Amino acid sequence: GRDTKANTQSSPVPGSSPSAAGTDNTAAPPAVSGAPEYGGVLRIVNTSEGATPLGVPWEVIGIDVNLITPYGEALLLEKTSGEIEPWLAADWKIDTTNLTVTFTLRQDVKFTDGSDFNADVAAWNIQQAIDAGIINPAISGVSVTGPYEIKVQLDNWSNTILSTFASHSFSMISKEAFEKNGIDWARENPVGTGPFKLKEYVRGERITYEKNENYWQAGKPYLDGVEYVFIRDVMTQNAAVQASGDQGVDVLNTNSAEQMITLNSPDIYLDKMAIGPVSLVPSSNNPDSPLSKLEVRQAISYAIDRQSLVDARGFGILTPATQFIPDTWGAHLPDSYNLSYNTEKAKELLAQAGYPNGFTTKLIAMPGMVDKDMVVAVQSMLQAVGINVELEFPDSGGYSNYRFNGWEGMLVQHTRSLPAIANTFGLYFDVKKDDATGAYSYIYMPSTWRPLEELYNAEQAAGQAIEPDDKLLQDVHKIIMDNMICIPLYNIYDAFIIKNNVHDTGFSQWGAGTMFLPADAWKSSK
Amino acid sequence: MERLLTVSGLTTEFRTERGTVKAVNDVSYHVDEGEIIGLVGESGCGKSVSQLSVMQLIPNPPGKIVAGSVEFEGQDLLRYGRESREMCAIRGGRISMVFQEPMTSLNPAMTICRQMGEVLTEHLGIDKAEARERSVDMLSQVGIPDPGKRADDYPHQLSGGMRQRVMVGMSMLCNPKMIIADEATTALDATIQAQLLELMYEMVNKYHTALVMVTHNLGIVARYVHRVNVMYAGRIIESGTVRELWANPMHPYTEGLLKCVPKLGERLVPIKGMPPSLINRPPTCPFLPRCRLRQKSCFEEPVPELTHVEGDHYTTCRVRLEGLTDD
Amino acid sequence: MTTKTDSINAPGLGGEVDILEEQLLPPVNEFRRFVKVFFRRKIVLIGFIIVVLIVAMAIFADVIAPFGPYEQDLHNVLAAPDSTHLLGTDSLGRDLLSRIIYGSRVALSVGVITVLLSAAVGTLIGLVAGYAEGALQSVIMRLTDAMMAIPSLILSLIVASILNRGVLGVVIAVAITLFPGYIRLINGQVLSVKQNDYVMAGRSMGSHKARIMFRHILPNCLSPLIVQMTMMMGVAILSEASLSFLGLGILPPTAAWGGMCYDGYKYLMMRPLLSIAPGLAIMVLVFSFNMVGDGLRDALDPKLRGTSSN
Amino acid sequence: MIEAARGNIVDIVNLKMYFPVRRGLLKRKIADVKALDDVSFSIRPGETLGLVGESGCGKTTVGRCIVRLYRPTGGIVMFEGADISHSGESDLRQIRRKMALVFQDPYSSLDPRMSSGDIVGEPLKIHHLVKSKKEYDERVAELFIMSGLSPDMTDRYPHEFSGGQRQRLSIARALAGDPSLIVCDEPISALDVSMQAQILNLLQELQSKNDRLSYLFISHDLLAVQYISQRVAVMYLGRVVEISDAGELYANTLHPYSIALLSAQPLPDPVAEEKRHRIILTGDVPTPLNPPAGCAFHPRCPRAKKECSESVPPLRDAGGGHFVACHCV
Amino acid sequence: MLTYIVRRLIHAFVVIVIVSIAVFILIRLLPGDPIEMLISQTQLTETTPEMIEALRHDKGLDRPLPVQYADWFVQMIRGDFGTSIMRNFDIGKEIGNRVTVTLMIGLSAFVIGLVLGPILGIVSAVRRGKFVDNLVTVIANIGITAPAFWVGILLIFFFGVRLKLLPIYGYTLPWDDFWMSFKQSLMPIFVTALGPIATTARQTRSSVLEVMSEDYIRTAWAKGLNERKVILRHIIKNSLLPVVTLQGTMLRMVVGGSVVVETVFVIPGMGKMMVDAMLSHDYPVVQAVTVIMTLVVVLSSLIVDLLYGWLDPRIQYD
Ligand SMILES: Nc1ncnc2c1ncn2[C@@H]1O[C@H](COP(=O)(O)OP(=O)(O)OP(=O)(O)O)[C@@H](O)[C@H]1O
Ligand SMILES: Nc1ncnc2c1ncn2[C@@H]1O[C@H](COP(=O)(O)OP(=O)(O)OP(=O)(O)O)[C@@H](O)[C@H]1O
Ligand SMILES: [Mg+2]
Ligand SMILES: [Mg+2]
């Protein structure tokens, strides 16, 4: 099998929302005047159905992990830039020779049921996650080395290992409460260390958290409560944001540019961050397909008028993407991949590849994250250079079926850039080897393409460096771009549409499922 | 005998897609108290419509009474609106009607006792309990076995004959002055029909009620009726006492009709041709196309009024009338 | 009055007789009668005219529409109505009016094909079930009950996501929810038509089953069938819109009213026409179909048909 | 009993027709409607057998059993000497050319969606009796004329005809296969007196032209039956209670039910009516689902005795081919 | 009567079995494997086929289909609907909460349709051809000619955002906070009820017209009853009979429509659950929801039929 590579990232799931790296706040929050005020309930729109019981973090997956934030806290915090900060663990030590990480825990933390947070509890929590099989397979065990000290044993080294412990899937819950009441009870009754406690959970409608009076950070939280409202329909989301009073919600997370523009008003500000491009991912399945020719892939890239796309559908928010990793990250390449719009060149390249009359292919759009109209526009651009395109808009099941089992044509995929950028490569371009032993990555890539082999090796090296190394990451990136393994279209942004009276939420600051710092957030009473 | 009902010049039309049907055309007749009147004629000649017009029960649209008067006990009914209070008081109270179809003329979703009682509470203003009592009483009079129990049955639980007996009983409840029986027994079996006719006959005699019997069964007419009106294509073409008419039919249609009834040893002589359509009838005699007596003048002149011949006998046959005057 | 006579030897009338023209009922122009009843209600007339107009619009879309349905202008998206784009442009700069005009093709084909498909299948099964009776009928009707018990949107939701979402996929997904209705309708009709003596007469003459089914029974089930079909066109078109809302409608870039209504819905605040125009188009078309259905019901109702002299 | 004589068009022997009544959870058969219980008679070539009786007594069922629309529960149906009680559909198809059915209801017996010409010509097509379109048209015209209709009317639809004309269409259709038996199931009940006479005459005339044509003439109108039939059978609740030559039966009515039925038929003659003694029965016709024990007529019979409620009287010869089923005769 | 109910229940059971088999098969025809979808939601960048197989085994999806079906069906009969594949919740419990919500909205809409539809239908039939008739025809048709989501959102923007009269989203059970529940239910119930009102009104209209030409109505007139009494006592009950049979279909429509209405108005009911489960291929959830919805429809049509028998004395149950 493969070695270490954990992605401590909230789901890169179709239709899921955010957390990522690189902030770019266009609309800055209004100047905060004075000290935080106490009181109020912060309402946040959640776009999913949210039916997972939240009380057992290692069972919570996908976008629902975000919903743990108010009650659950992990050992570490990860910034959207990839920096790791202490949280329930005050300090940590890495031993790369013995492959261990030793965490020193805070001593003043209590669970909401009154039980103490200590090494025993933390190790138990981590062990549960290991047993559940959802933790990074490189972590092989955990042991208690002191009343407030635990040691995690690794099988092999990966420079992204720490972000695993920053995920809310590894939030700490009370062992005592769990063992006393059993798992069924625990699922419905979260007992964490966070600034809020679960008050009510109406599946499909809302989750209400109330203030934890005995929170370990003295004086916090400021809010009386946090409420998530599950609204799937875009228009209803808009209506909810525009409403005021009891019905008004304070925060809406979206990556739809048109929604950001629709809701644009003096009452709100946009807290947005780049989360990587939407790209065309040609299938590497079939060595005989036109797409297996580099010229064809380049031709496609030249055929696309990225600026027009963004002009028409970007609403001043989206930007043209010329690289797999946007410029907010270190792995971005010097500006040498600006594959400008040039239909003549595209046609020439096609002819060169032996397709002077074009060919027929397919665009398969990722549900949720990809704007349908963009796909239609790309279709007509490709049509203009003679490439006949069929469109397909599968649901998430159909889409994941393609991802796992291969597709013909090109996926229109949001290739999200993760805070730990090494993870991004691992996530998207793992290679499926022989059927029996192959590993699954986010995108199915059989090794019929020579460059993929190369990419794979470079990626391994980058992941196993002691510290994340921009140079190595750039090498990986360069292989992708040189070979047009994927064709970036436009960069999308994850935006938090926030009411002006909401402060210090840190929505775009925190990654890895942290989403925001509920303890610090406050609302000014206008 | 008192004159009870005088109908004169009654004309009723239906607007249909094919054109205007003059279903009843200038019909005049009268009914005396306690008298049994027969109304005969072939299907579609306007028997029912003339009677429904008297009751103002013509479905509107498409039907409309366009001319004539209906004088009942001195009041002209046509002056009252269809749904006026006066008309409602007369319908069911002073004149009641028994329809042909025992299967469909009773409300399937109401017990028969309630349906009967409704007439009583409506016209006599008595309470439900008493209405029930009287209904049950009436049921036993019309020969329904175990009327107390049967009263709570729904129509579908009764046989056709019983249902029609209920209808007859219902029509008698308010002791009306006149009952119109529109082919009240046609749908029934022969022996049941006889049973019911006998019953009605006894009842009207007992209460001295006038009865208008609409039928095409000449046998029934022969047996029960005093005076008979013969209708053809919307008009009464001949009228007279039964004996008179049978002995001496004036109108060739009446004549033909009587010859159509199989009699032992006699060969049937059907009336040739078919009944005419009632749309755009010219004012000439409606029987003209089938008439064996027709003369040239018949084609030219409108049909004469119902003209007195002798005794109680009236006819519209020009040939016969003129033949008479020629004499 | 006509006096044309035909002299034939008609038995029963006692030898040589005249058969006068008048002895027959006046010939009815069935078509004129139908038209008259059909258009008796003004609102039906209006509905009919609209349907005709929309059909014309679909046929002559190429001529009428100022632009092609897929002609994009990425530099003029979400434009307000003006003299070139009477209803403005959509999110890809396509002319809304043209898309609505072309959309009538999809709407009509969804309506018509769905209905034809479901009616054909349903009628055939219903006919067989009704005529067969016994065990076969029970089995078919139990299965039909089951189909009819599944809420229709749920069923089409599942089927639509199994099939690919071309026009045909949506048509099949909707047709599947509709055809059990036809089975029931036709089964009921067959059971009642079968009671008529002419079916018995057909049997007594030695007709084959197939002849009785298709020659005698089926034609007499047609009226309610046709009425049901027009009514279901509206239902089918609406189902397409609902499926679009659930993300399973007809694939872009096809101009389908349901999809346009839902896509435009996101710009309700900016460009309300984008959603209101196709929404109204759906309403008008469905309304018109319903009215035509109402009119047909009246016109085909045997009770309202002028039968002979009585 | 009546023997199946050689040369008869139809012989039915001990015919039984029970319709099952199903009720309950499993739709189990809980009873039988004994629509026909042991009915026997024959129809001779060229003869008209009248069949009278009240509604529900089984007249229609007899007719339909004879043309084998129903498969009899018991007994034998012979058509032209061959037992057809158990013939299959394809054998029946051959035979059905030779027998036809005319129904009571002139409205529901003609397919409203077919033109009158198609209706009349249908048997010709089914049995391939004509070779060309021309021959077909000629034959249809001939049939129209035979039944007193103008051949111009072939493209008209049934609803454009009056009741009497429709009944003529039915008869024309029945004649198409040149049958030897026409079962007329109350062909005149729905018609006016003048139409009735036309139809009765038509039937008679047709028979006079083809002396092998037989009718089973079902009606509840004793006068019409008397007029047209050579022999008459009276039924009551699934059984024949009296059968005899027409003249004999009317002159010398034996069964109390026949007497009552005859007397219930008012004569269209006011003078005769006045003198006539009428027998008015009481009570309703019982249902064949639950017939009374013994003679089915006994609850309404003015002459009922004890014996009548105990045993079913057999049909026996009262002399001269006049059969009656009554204990009192 | 009792045998009738028993027979109908058996019938209902058969229907449920057929529906459950159909859904069981159909849902598995969807492209995409729930286990793969589940795995793609985890934190892992790297998954081995063994892990997938283990997970598949864990969720019981590796067994032969008939076994899976039989097991699921037997469990369901015992009242255990299993656990969601994707989200790990107890389906039975979740449906328990949600069915109440869907039924609150659905039944209210249904009842409104049942009350308003016939009233409109009767009015327009009695005044047929008049202005009222055309008005009702148009209004009734608007109700069934517009896509529900579209009407829903227009209402939200008008009454919620512009006028600020009604809450935009969410649902409260009436026994928790009646006034809030009332306000929140108004729009969704209205949208849901449009279809039933319109359909019932149309059906009633034609049924009243039919009954008005029945012989027994003529009898009622002949008795001397006035128009009001004829309509109230004789026409209404009889004309409602065919309308009642229609109500079985109506519930099917209402329950199915919940998929859209609940999504628009953020109502935590079965419809919303259904869509979510469909999209994530959560087999047991889709199966359970469909079966429960079908059960609702089947039972309600049983009730409708019993009601029919009560209205129409001609119907006999045995
Ligand atoms: N509702 C109606 N609409 C149109 N025409 C009608 C209507 N009712 C009756 N007619 C016409 O009026 C004429 C007379 O009908 P009516 O019912 O009075 O005949 P009838 O003598 O009672 O016949 P029957 O013996 O069949 O009852 C018929 O030609 C019929 O077509
Ligand atoms: N298909 C059937 N199923 C069940 N019962 C039947 C069926 N056909 C006839 N019956 C019953 O058999 C009995 C005889 O019916 P049949 O129709 O032969 O009587 P009929 O003498 O022709 O009556 P009518 O004068 O009403 O035509 C009736 O009680 C009837 O209800
Ligand atoms: Mg009449
Ligand atoms: Mg019969």
Side-chain angles (χ1 to χ4, degrees), chain A residues 14-15 232-239 241-242 254 256-265 304-315 341 362-365 367-368 370-381 383-384 389-399 401 412 490, chain C residues 67-79 89-94 96 99 156-170 173 242-256 259-272 274-276 279:
Chain A
R232 182 198 293 281
D233 185 61
V234 178
M235 286 309 284
T236 315
Q237 291 168 4
N238 293 353
V241 170
Q242 291 175 337
T254 180
S256 149
E258 63 203 10
Q259 204 173 10
M260 299 177 207
I261 277 325
T262 307
L263 291 174
N264 190 18
S265 87
I304 292 166
D305 181 357
R306 294 179 173 78
Q307 192 56 49
S308 287
L309 280 184
V310 162
D311 288 348
R313 301 291 303 147
F315 303 96
Y341 173 53
K362 210 184 207 177
L363 287 182
I364 303 165
V370 172
D371 179 60
K372 276 187 197 165
D373 283 340
M374 283 288 200
V375 182
V376 175
V378 168
Q379 177 194 35
S380 79
M381 288 172 180
Q383 222 111 34
V389 182
E390 287 165 31
L391 300 185
E392 201 178 314
F393 295 85
D395 63 8
S396 33
Y399 195 77
N401 187 40
V412 189
Y490 57 93
Chain C
F67 295 89
Y70 309 123
E71 253 174 66
Q72 299 172 8
D73 179 358
L74 294 182
H75 302 288
N76 186 25
V77 299
L78 299 174
T89 62
D90 74 356
S91 51
L92 284 173
R94 295 171 295 197
L96 180 61
R99 278 178 74 75
S156 49
L157 190 65
I158 299 180
V159 177
S161 33
I162 295 173
L163 300 169
N164 242 339
R165 296 176 296 132
V167 176
L168 196 65
V170 170
S242 291
L243 284 176
S244 289
F245 174 75
L246 298 168
L248 292 165
I250 290 169
L251 288 178
T254 310
M260 286 162 69
C261 182
Y262 177 60
D263 289 337
Y265 167 84
K266 286 171 268 182
Y267 308 99
L268 200 58
M269 324 283 274
M270 261 186 272
R271 289 277 172 267
L274 281 182
S275 149
I276 290 185

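On a predicted model such as this, the values are computed, not experimentally measured, just so you know. Lettering of chains follows the sequences in order, A, B, ..., and the numbering in each one begins at 1. What you see below is based on every heavy atom in this structure, not just the backbone, and it leaves out hydrogens, waters and symmetry mates.
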Could I get the full list of side-chain hydrogen bond (donor to acceptor under 3.5 Å, both in side chains) partners for S265(A), not counting sequence neighbours? none
Is it the side chain or the backbone of Q242(A) that comes within 4.5 Å of chain C heavy atoms, both, or neither? side chain
Using non-hydrogen atoms only, which part of R271(C) is less than 4.5 Å away from chain A: side chain, backbone, both, or neither? neither
Determine, stepwise, if the pair L251(C) / E390(A) fulfils side chain to side chain contact (heavy atoms under 4.5 Å, CB included). CA-CA 10 Å; L251(C) 288 178; E390(A) 287 165 31; over 6 Å; no
Is V376(A) close to chain C through its backbone or its side chain, or both, or neither, when contacts mean heavy atoms under 4.5 Å? both
Roughly how far, to the nearest 0.5 Å, is the CD atom of Q307(A) from the NE2 atom of H75(C)? 9.0 Å
Best-contacting candidate, D311(A), V234(A), L391(A), against chain C by heavy atom pairs under 4.5 angstrom: L391(A)
Would you say the side chains of S91(C) and D373(A) form a donor-acceptor pair under 3.5 Å? yes
Given side chain to side chain contact (heavy atoms under 4.5 Å, CB included), test D233(A) with F245(C) step by step and report yes or no. CA-CA 9 Å; D233(A) 185 61; F245(C) 174 75; 3.3 Å; yes
Residues forming a salt bridge (Lys or Arg N to Asp or Glu O under 4.0 Å) with D371(A), sequence neighbours excluded: R313(A)
Looking at chain A, which one of V77(C), L74(C), D73(C) has the largest number of heavy-atom pairs inside 4.5 Å, strictly under? L74(C)
Top residue by heavy-atom pair count (under 4.5 Å) with chain C, among R232(A), M374(A), E258(A)? E258(A)
Should F393(A) and P252(C) count as side-chain neighbours, where that means a heavy-atom distance under 4.5 Å? yes
